[in-house]
Amino acid sequence: MPGPRIAIAHDYLTQRGGAERVVVSLMRAFPEATVYTTLYDPDGTYPEFRDRTIVTSWLNRVPLARREHRLALPLLRSAAESLQIDAD
């Protein structure tokens with residue numbers, strides 16, 4: 001019997017900070033987990049994310065939002081609600 005399907009959700013992965021380090025640790029603990037986030041900038045955050053499946057919201061298609069995530073704050077709720085997370 002297969003185990004539970006695990007997902008890792010994070011608000012945005014656009015910088016190098018402590019919260020992003022926690023996500024890296026969770027990825028090590030759950031190597032098969034998909035990461036879901038509203039925004040993802042591979043050049044702005046830790047390189048460990050590059051080899052993982054990262055599912056982003058529609059907001060990630062707006063380059064300014066990826067570079068200046070604070071400008072996107074009014075849209076983050078809508079972007080987060082739009083994510084369809086496939087996990088238990």
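Keep in mind the model is a prediction, meaning the values are calculated, not measured.
- Inspection of the Thr14 and His69 side chains reveals an N or O donor paired with an N or O acceptor under 3.5 Å.
- Proximity of Asp86 to Tyr36: side-chain heavy atoms (C-beta onward) are separated by under 4.5 Å at one or more points.
- To the nearest 0.5 Å, atom CZ of residue Phe49 and atom OG1 of residue Thr37 are 8.5 Å apart.
- Looking at Asn60 and Thr38, their side chains never come closer than 4.5 Å, going by heavy atoms from C-beta outward.
- Cation-pi geometry between Arg66 and Tyr40 is not met: the NZ or CZ atom fails to fall both under 6.0 Å from the ring centre and inside 45° of the normal.
- Look at Arg50 and Asp43 and you find a salt bridge, because one of the NZ, NE, NH1 or NH2 atoms lies within 4.0 Å of a carboxylate O, short of that distance.
- With sequence neighbours left out, the side-chain contact (heavy atoms from CB on, under 4.5 Å) criterion links Asp88 to Pro4, Arg5.
- Residues that satisfy the salt bridge (Lys or Arg N to Asp or Glu O under 4.0 Å) test with Arg67, not counting sequence neighbours, are absent from this structure.
- Within the 4.5 Å cutoff, the side chain of Val55 has no heavy atoms near those of the Val35 side chain.
- Checked by atom type and distance alone, the side chain of Thr34 never pairs as donor or acceptor with a backbone atom of Ala7 at under 3.5 Å.
- Using a 4.5 Å heavy-atom threshold, the side chains of Glu48 and Arg21 count as touching.
- A chain of hydrophobic side-chain contacts below 4.5 Å, direct or via other Ile, Leu, Val, Met, Phe, Trp or Tyr residues, connects Phe30 to Val24.
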Residues Trp58, Leu75; criterion side chain to side chain contact (heavy atoms under 4.5 Å, CB included); working and verdict: CA-CA 10 Å; Trp58 56 267; Leu75 303 172; 4.3 Å; yes
Dump the intermediate steps for side chain to side chain contact (heavy atoms under 4.5 Å, CB included) on Tyr46 and Val23, then the final yes or no. CA-CA 10 Å; Tyr46 295 109; Val23 175; over 6 Å; no
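- Clustering ILVMFWY residues whenever any of their side-chain heavy atoms sit less than 4.5 angstrom apart, transitively, puts Ile85 in a cluster other than the one holding Tyr12.
- Val62 places none of its side-chain heavy atoms less than 4.5 Å from the side chain of Leu39.
- Other residues, nucleotides and ligands place more than 12 heavy atoms under 6.0 Å from the CD atom of Glu81.
- Residues Arg28 and Pro31 approach most closely at O-CD, 3.7 Å, considering heavy atoms.
- The distance from the CG atom of Leu76 to the CZ atom of Arg70 is 11.0 Å, given to the nearest 0.5 Å.
- Within the 3.5 Å criterion, the main-chain N or O of Ser82 finds no donor-acceptor partner in the side chain of Ser57.
- Grouping the Ile, Leu, Val, Met, Phe, Trp and Tyr side chains by contacts below 4.5 angstrom, directly or via other members, places Leu71 apart from Leu13.
- Rounding to the nearest 0.5 Å places CD of Gln15 at 5.0 Å from CD of Glu20.
- The distance from the CE atom of Met27 to the OG1 atom of Thr53 is 10.5 Å, given to the nearest 0.5 Å.
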